[in-house]
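Working notes, beginning with the structure itself.
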Amino acid sequence: MQPFSYARAQTASDAVRAATTGGSKTRFLAGGTTLYDLMKLNVETPANVIDVAGLKELEGIDASGSELVLGAFSRMSDVAAYPAIVAEYPAISESLWRAASQQLRNMATLGGNLLQRTRCAYFRGGEPFACNKRKPGSGCSALGGIDRGHALLGGSDTCIAVYPGDLAIALVAFDARIDVLGRNGQRTIMVEELHREPGETPDIETTLQPGELILRIRIPKTIMGRASTYHKIRDWESYAFALASAAVALDMDGEIVRAARIAIGGLATRPWRVRDAEQVLVGRTLTLQAAREAGEAALQGARPGHDNAFRIELGARTVADALMIAKQRA
Ligand code: SF4
């Protein structure tokens with residue numbers, strides 16, 4: 001691990017000021033479950049670490065208004081078990097329960113979870129491997145390498161790393177926003193606009209400006225919340241990243257779909273909302289056949305490599321199964 005300076009912020013404004021002064025090699029430390037990991041691997045080598053874990057102002061859950069508001073430093077396990085979220089937004093609760101291990105969920109914050117970096121083994125493997133995300137311009141070992149877990153959607157000729165998170169998939173399905181604080185003040189962005197496709201610059205993963213800190217997540221209240229689920233398929237049910245996942249929510253008029261939300265995870269370079277697949281269902285009776293057609297629409301445009309083509313069918317089935325689970329809750 002490389003030497004670094006350490007400072008504890010007293011307020012969110014302090015943290016942003018310190019990060020702005022510290023420059024591009026500054027990182028925020030909250031739960032630490034990703035940052036420490038990558039520092040030990042020498043993938044992250046910050047010069048300055050700003051500890052924001054003590055900022056109680058950014059913890060907490062407020063379900064009393066027209067939006068569900070989640071403090072960015074709320075712990076994953078607290079949010080997953082919060083009764084109003086379990087009842088009104090099962091997709092969000094499930095996306096948290098099905099991520100990581102209990103120990104990690106007790107430590108990790110929502111903001112850190114949104115910003116977790118890819119599990120691409122070449123990215124984490126360090127110097128022996130070429131990686132444009134870790135070292136721009138060095139190449140991509142996954143292209144032509146082992147790509148079983150890599151992205152089928154949203155990749156480029158420079159990077160096909162999959163976005164590994166679960167919570168962001170559910171948030172995208174619910175049109176959630178985040179408030180962020182930067183040197184020019186506060187602004188709000190859609191979670192769907194937070195993560196970037198790699199394009200020519202896979203090292204730039206989000207639309208956050210340098211030094212910006214996520215303050216809170218805001219989720220509009222919707223009757224679709226109750227009829228929702230997060231369905232995750234992985235190699236080990238106990239603890240693994242998604243081979244394919246789907247967050248879905250339904251508004252039903254009896255057996256007929258009035259509206260649907262579908263976002264998929266584990267398959268793309270960023271959380272992937274699939275509005276074409278949603279439209280497949282609108283006005284139709286939700287049968288297994290209709291759900292299957294929506295699943296196939298969700299994977300339209302998928303570009304397989306040599307080891308990961310099986311996840312096109314897996315992804316379509318994951319969406320279809322998620323829709324049938326949500327239908328039971330409608
Ligand atoms: Fe690096 Fe992306 Fe290639 Fe993985 S897929 S080796 S993260 S450039």
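We count ligands from 1, going down the list as the structure has it; atoms in each ligand are counted the same way.
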Checklist entry - For ligand 1, is any non-hydrogen atom under 4.0 Å from Thr158's backbone (N, CA, C, O), its side chain (CB onward), both, or neither? => result backbone
Checklist entry - What side-chain hydrogen bond (donor to acceptor under 3.5 Å, both in side chains) pairs are there with at least one residue in residues 308-319, not counting sequence neighbours? => result Arg292-Glu313, Glu313-Arg317
Next on the checklist: Is any side-chain heavy atom of Phe174 closer than 4.5 Å to one of Val191?
Outcome noted: no
Next on the checklist: Could you check whether Ser228 and Tyr89, counting side-chain N and O atoms only, form a donor-acceptor pair closer than 3.5 Å?
Outcome noted: no
Item to check | Whether Tyr122 and Phe129 hold their rings parallel, tilted or perpendicular, with breakpoints at 30° and 60° | outcome: perpendicular
Checklist outcome for this item: Residues at least two apart in sequence or cross-chain that pass salt bridge (Lys or Arg N to Asp or Glu O under 4.0 Å) with Asp14, listed by chain then number, are Arg17
Checklist entry - When you check the space around atom 1 (Fe) of ligand 1, which protein N, O or S atoms turn up under 2.8 Å? => result Cys131 SG
Next on the checklist: The criterion is salt bridge (Lys or Arg N to Asp or Glu O under 4.0 Å); which residues satisfy it with Glu200, sequence neighbours excluded?
Outcome noted: none
